[in-house]
S.K.: 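I have a structure I would like to understand better, so I am pasting it below and will then ask my questions one at a time.
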Amino acid sequence: MALVPYVENSLPVLSKLHSSSAHFRFVDRDLRLAQDWRRLGVAAVVWDAAVVMCMYLELGKVDVKEKEVIELGAGTGLVGIVAALMVPEATITDRKPALELLSANVRANLPADSPGSAAVSELSWGEGLERYPAGGFDLVLGADIIYLEDTFVPLLRTLEHLCSGSTLLLLACKIRYQRTRDFLALLGQRFQVQEVHYDRERDIRVFQAWKLSPAKDL
């Protein structure tokens with residue numbers, strides 16, 4: 001996730017974002033995620049898209065057993081942690097400023113005796129992609145990572161690098177602005193995109209996508 005400075009907001013609907021922690025139960029485990037909106041902004045709170053993504057994974061419609069999984073823009077790490085409890089190991093990534101909080105959450109929720117494990121890694125979209133195997137992941141996850149137009153091209157470049165023709169890409173998002181639809185349309189030029197789930201209560205959609213035949217570099 002991109003880092004956005006803290007802006008004080010007294011709206012009750014945002015009160016949960018200002019809490020120092022968020023609690024969930026997924027994969028029969030109680031999870032507690034530290035949050036730090038004041039210091040890191042949107043990268044340090046749990047958004048509804050992450051919750052819906054975890055719910056979708058728990059539905060079992062996606063076979064995750066023995067899969068190589070990577071999460072992009074992990075923020076607090078909820079999605080990656082849940083994925084790591086369902087697969088042998090997950091790679092959880094975000095930009096460098098978010099890694100301290102992300103790593104702390106992973107350690108707290110995936111201790112040594114946990115059934116899953118995760119590797120936290122720095123990944124700024126479009127940069128240093130050679131550190132990640134081209135087409136080397138079976139499942140790529142992203143929750144609420146589509147909102148800044150300046151990131152669209154490097155995000156697409158990153159997705160194309162990480163995905164092979166057999167990789168399943170799952171994106172969870174709220175359609176807040178036209179630019180979200182614009183990104184999905186742009187993604188549709190490189191991937192076959194399909195909406196597979198809608199959480200009406202939270203107004204969150206989950207899209208799955210598969211990479212099309214090779215295209216020219218962005």
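These values consider heavy atoms only, across backbone and side chains, with no hydrogens, waters or symmetry-generated copies. We number each residue from 1, following the sequence as shown.
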S.K.: Between Pro133 and His161, what is the shortest heavy-atom contact and its length?
M.R.: C-NE2, 4.0 Å
S.K.: Just list the side-chain donor-acceptor pairs under 3.5 Å for residues 50-66, sequence neighbours left out, or say none.
M.R.:
residue : atom : partner : partner atom : Å
Glu58   : OE2  : Val27   : N            : 2.4
Asp63   : OD1  : Lys65   : N            : 3.3

S.K.: Considering non-hydrogen atoms only, spot the tightest contact between Leu102 and Gly77 and give its length.
M.R.: CD1-CA, 3.4 Å
S.K.: Donor-acceptor pairs are to be reported for all side-chain atoms of residues 115-123 against protein atoms at under 3.5 Å, with residues two or more places apart or in another chain.
M.R.:
residue : atom : partner : partner atom : Å
Ser117  : OG   : Pro88   : O            : 3.3
Ser121  : OG   : Tyr132  : OH           : 2.4

S.K.: Out of curiosity, Ile70 CD1 to Thr158 OG1, how far, rounded to the nearest 0.5 Å?
M.R.: 9.0 Å
S.K.: Would you say the side-chain atoms of Asp94 pair up with the backbone N or O of Leu99, donor to acceptor, closer than 3.5 Å?
M.R.: no
S.K.: Considering non-hydrogen atoms only, spot the tightest contact between Leu72 and Thr93 and give its length.
M.R.: CA-OG1, 3.5 Å
S.K.: So do the side chains of Asp138 and Glu68 get within less than 4.5 Å of each other, counting heavy atoms only?
M.R.: yes
S.K.: With heavy-atom distances below 4.5 Å as the criterion, would you say the side chains of Leu187 and Phe152 are in contact?
M.R.: no
S.K.: Quick one: salt bridge (charged side-chain N to carboxylate O under 4.0 Å, His left out) pairs with a partner in residues 19-34, sequence neighbours left out?
M.R.: Arg25-Asp30
S.K.: Should Val153 and Trp125 be marked as a side-chain contact (heavy atoms from CB on, under 4.5 Å) after you check the CA-CA gap, both sets of side-chain angles, and the distance that decides it?
M.R.: CA-CA 9 Å; Val153 168; Trp125 301 334; over 6 Å; no
S.K.: Mind running side-chain contact (heavy atoms from CB on, under 4.5 Å) on Asp203 and Tyr198 for me, showing each step along the way?
M.R.: CA-CA 7 Å; Asp203 190 25; Tyr198 177 56; 2.8 Å; yes
S.K.: Excluding sequence neighbours, so at least two apart, what forms side chain to side chain donor-acceptor pair (under 3.5 Å) with Gln208?
M.R.: Gln194
S.K.: Are the side chains of Leu31 and Leu85 in touch, meaning some heavy atoms are under 4.5 Å apart?
M.R.: yes
S.K.: For residues 167-181, please give each side-chain donor-acceptor pair under 3.5 Å, one per line with the distance, not counting sequence neighbours.
M.R.:
residue : atom : partner : partner atom : Å
Thr167  : OG1  : Phe137  : O            : 2.6
Thr167  : OG1  : Ser164  : N            : 2.8
Thr167  : OG1  : Ser164  : OG           : 3.1
Lys174  : NZ   : Arg202  : O            : 2.9
Arg176  : NH1  : Asp144  : OD1          : 2.9
Arg176  : NH2  : Asp144  : OD2          : 3.0
Gln178  : NE2  : Asp182  : OD1          : 3.0
Arg179  : NE   : Tyr147  : O            : 2.5
Arg179  : NH2  : Tyr147  : O            : 3.4

S.K.: Can you check whether Phe24 reaches Val46 side chain to side chain, under 4.5 Å on heavy atoms?
M.R.: yes
S.K.: Answer with yes or no whether the hydrophobic clustering places Val196 together with Leu141; edges join I, L, V, M, F, W, Y residues whose side-chain heavy atoms lie under 4.5 Å apart.
M.R.: yes
S.K.: What residues, two or more places apart in sequence or in another chain, satisfy side chain to side chain donor-acceptor pair (under 3.5 Å) together with Glu195?
M.R.: Arg205
S.K.: Just grab all the ring-ring contact (aromatic ring centres under 6.0 Å, His included) pairs involving residues 82-112, residues at least two apart or on different chains.
M.R.: none
S.K.: Any donor and acceptor pair, going by atom type alone, linking the side chain of Lys211 with main-chain N or O of Cys163 inside 3.5 Å?
M.R.: yes
S.K.: Tell me, do Glu160 and Phe191 make a side-chain contact under 4.5 Å, heavy atoms counted?
M.R.: yes
S.K.: Sort out for me which residue in Val106, Asn105, Val45 forms a side-chain contact (heavy atoms from CB on, under 4.5 Å) with Leu33.
M.R.: Asn105
S.K.: To the nearest 0.5 Å, tell me how far Ile81 CD1 sits from Asn109 CG.
M.R.: 4.5 Å
S.K.: Looking at every non-hydrogen atom in both residues, tell me the closest pair between Ala108 and Pro111 and how far apart they are.
M.R.: O-CD, 4.2 Å
